[in-house]
Q: 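First the structure, which I've put down as structure tokens, then a few questions once you've had a look.
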Amino acid sequence: MGGNSLLNLLLCDKGHLTKPSNPATAKAVTTTILNHLDSGRLRKAVSILFYAPFPFHFSLYARLFQLCSSTGSRAIVEARKVESHLFTFSPTPPVFLVNRAIEAFAKCGSLGDARELFEEMPQRDGGSWNALITACSHSGSPEEAFRLFVKMSRSGFLPNEVTFASALGSCAAVLALSLSRQVHGLIVKYGFGGNVVIGSSLVDIYGKCVIMDDARKIFDEIKNPNAISWNIIVRRYLEMGEGEEAIVMFFHMFKAAVRPLKFTFSNALVACSSISALDEGIQIHGVAIKMGFDDDEIVSSSLIDMYAKCGDLESASAIFDQPNSKDVISWTSIVSGYAMSGKTWKARELFDEMPERNVISWNAMLAGYTRYSQWEEAVDFIFLMRNTTNNIDQVTLGLILKVCAGLSDVELGKQVHGFIYRHGFSSSIFVGNGLLHMYSKCGKMRSAKTVWFHQISHWRDRVSSNALLSSYARRGRILHVACANIFALEQGKQIHGFMIRNGYTMDTPFLFFSCTLRF
DNA sequence: ATAGGGTTAG
């Protein structure tokens, strides 16, 4: 019990009424609270509730919990006040209301409060388990979500489609393929296979695990795919490097008469740039205008990016020059468009005008200089960057190493290497490759070899001791891979990306998770 | 009585 509820109890013990003396009082206060809520004054409403020494109707608490966690508010203080008041004047509230409280705490970002409340519940229902499992899966605690998922069944509660959807969300977050297959089996067994949310989640997971055939099969079996389902399939094809199929699916969506999400427009447009499909991009632009999406910031910045990457800088500028479409992303897209097409001077002019920059904007400009071997400009820019911002990431460092390589400046390269080492960027494959290239280009083969072995041992330490990394030759193909588990996800992703970029044949990736489900 | 899935720039 927190200090707040203690305060309320003291108020009771001092002889304050636990029930309004006049039955009209509670009703009047409720009306006042509702009026504040209707005008969007959540804090004021909660404050009035908090100091009222009598209970309210449960539906009011339910509504308040929901508002505390609705998008944008994340009002943890208010959620705690509502909970405190509820328990003070209704010591044994109905289970559904406690479930709402758990959800509110979780959505406000306090998994601790949610967990504590769950632990202290004298009675639980399936919804309580679902609330906490969802909370864990949203708070970056997938392991705990899995544990609860298993524990739930052992405690005699049957998982329903919400449970499965949350469990699959956790599977996707850590690419737990083997676990997903087990959960998939249970879903079929329990008869939830036809659920659109679950089907979409499965498409998402199999796609992320690079098993696109399975993903597509499951997608085709969804009876009425909704906008999110379509978004997933378009995105997964895009990430597989199958831009054409992504675009095809985008247009299929219209035949199915499903209104796309703005992110689906983005994904489809990125697919267009990935295969330089300007004509299709123009068609999608037309569709966006027809459907009233063209003044959306996300869609318009994606359009700018698509036109820029397809080499149509005029159309890109035309959209960029329209009012209300200039966020950092649009700015970065247009700068990148000029920079990567060799017009670095124009790009720099725009870059200098940017009202706001982030590390990606800086990298976009630097990438232009390195791509066109403008080493002097690049070096000046790097020093400017160092003096202007502390925002540096592995992409910046990779680009700086390219500059060192371009200049064959091993002394500068060594300094950068030192920086990388001191700031813990060594594990990034992007940086590692940059170092390798830099040392080789400068003729320092011994250093290159050292970097290589360090890189390899790094993977071995971080990946294989936790999970499994096996590369093996078979039938003349070069390399097959088994991937990482949840403790080495970042490394697993890096290896995966490395393999895709370098054209290795991909066998079914194995992802291991130490928990085997028993039902 | 409810809850669950996806996310543009280097």
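Order of the sequence lines sets the chain letters (A, B, ...), proteins ahead of strands, with each chain counted from 1. Remember, it's a predicted structure, so these values are computed and weren't measured experimentally. Only heavy atoms go into these numbers, but all of them, side chains included; no hydrogens, no water, no symmetry mates.
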Q: Identify whether the distance between the nearest side-chain nitrogen and carboxylate oxygen of A/Glu221 and A/Lys217 falls below 4.0 Å.
A: no

Q: Per the ring pair (Phe, Tyr, Trp, His ring centres under 6.0 Å) rule, what does the pair list look like for residues 96-117 of chain A, sequence neighbours excluded?
A: none

Q: A/Phe250 CZ to B/dT7 P: how many Å, rounded?
A: 16 Å

Q: Whole-Å distance between B/dT7 P and A/Trp230 CH2?
A: 17 Å

Q: Taking only side-chain N and O atoms of A/Arg236, does any of them lie within less than 4.0 angstrom of OP1 or OP2 on B/dG6?
A: no

Q: Distance check needed: B/dA3 C1' versus A/Arg100 CZ, whole Å only.
A: 7 Å

Q: Picking from B/dT8, B/dG4, B/dA9, which would you name as closest to the side chain of A/Arg235?
A: B/dT8

Q: Does any donor-acceptor pair link the side chain of A/Asn195 with the base of B/dG4 at a separation under 3.5 Å?
A: yes

Q: Nearest to the side chain of A/Val162, heavy atoms from C-beta on, is which of B/dG4, B/dG6, B/dA9?
A: B/dG4

Q: Do A/Ser301 and B/dT8 share a donor-acceptor pair, side chain to base, under 3.5 Å?
A: yes

Q: Write down the distance between CG (A/Asp393) and P (B/dA9), rounded to a whole number of angstrom.
A: 14 Å

Q: Have a look at A/Asp305 and say if it touches a base, only the backbone sugar-phosphate, or nothing, with a 4.0 Å heavy-atom cut-off.
A: sugar-phosphate

Q: Kindly give the heavy-atom pair with the smallest separation between A/Leu401 and A/Gly413, and that separation in Å.
A: CD2-O, 4.5 Å

Q: When all nucleic acid strands are considered with a 4.0 Å heavy-atom cut-off, which category describes A/Gly169: base, sugar-phosphate, or nothing?
A: nothing

Q: Counting the atoms with a prime plus P, OP1 and OP2 as sugar-phosphate, which does A/Ser229 contact under 4.0 Å by heavy atoms, base, sugar-phosphate, or nothing?
A: base

Q: Which nucleotide wins on minimum distance to the side chain of A/Ile329, given the candidates B/dT2, B/dA1, B/dT8?
A: B/dT8

Q: Rounding to a whole Å, what distance do you find between A/Leu97:CG and B/dA1:P?
A: 14 Å

Q: Before accepting this row, confirm whether a basic side-chain N of the pair A/Arg348/A/Asp380 lies closer than 4.0 Å to the acidic partner's carboxylate O.
A: no

Q: Could you check whether A/Val196 gets within reach of a base, just the sugar-phosphate, or nothing at all, counting any heavy atom under 4.0 Å?
A: base

Q: Any carboxylate oxygen within less than 4.0 angstrom of a Lys/Arg side-chain nitrogen, looking at A/Glu83 and A/Arg80?
A: no

Q: Taking the side chain of A/Asn358 as heavy atoms from C-beta outward, which of B/dG4, B/dA9, B/dG5 is closest to it?
A: B/dA9

Q: Within this structure, what is the OH-to-P distance between A/Tyr307 and B/dA9, rounded to whole angstrom?
A: 17 Å

Q: Could a donor-acceptor pair under 3.5 angstrom be found where the side chain of A/Asp327 meets the base of B/dA9?
A: no

Q: Nearest to the side chain of A/Asn130 - B/dA9, B/dA1, B/dA3?
A: B/dA3

Q: Nearest whole Å is fine: how far is B/dG6 P from A/Ile205 CD1?
A: 9 Å

Q: Please table the atom pairs, donor to acceptor, closer than 3.5 Å between any side-chain atom in residues 254-262 of chain A and protein atoms at least two apart or in another chain.
A:
from, atom 1, to, atom 2, distance (Å)
A/Arg259, NH2, A/Met291, O, 3.2

Q: What's A/Thr332 touching, base or sugar-phosphate or nothing? Going by heavy atoms closer than 4.0 Å.
A: base

Q: Side chain of A/Leu261 only, please: which of B/dG6, B/dA9, B/dG4 is the nearest?
A: B/dG6

Q: Round to a whole Å and report the spacing from CZ of A/Phe65 to P of B/dT2.
A: 17 Å

Q: I'd like to know if A/Ser200 reaches the base of B/dG5 with its side chain such that a donor and an acceptor end up less than 3.5 angstrom apart.
A: yes

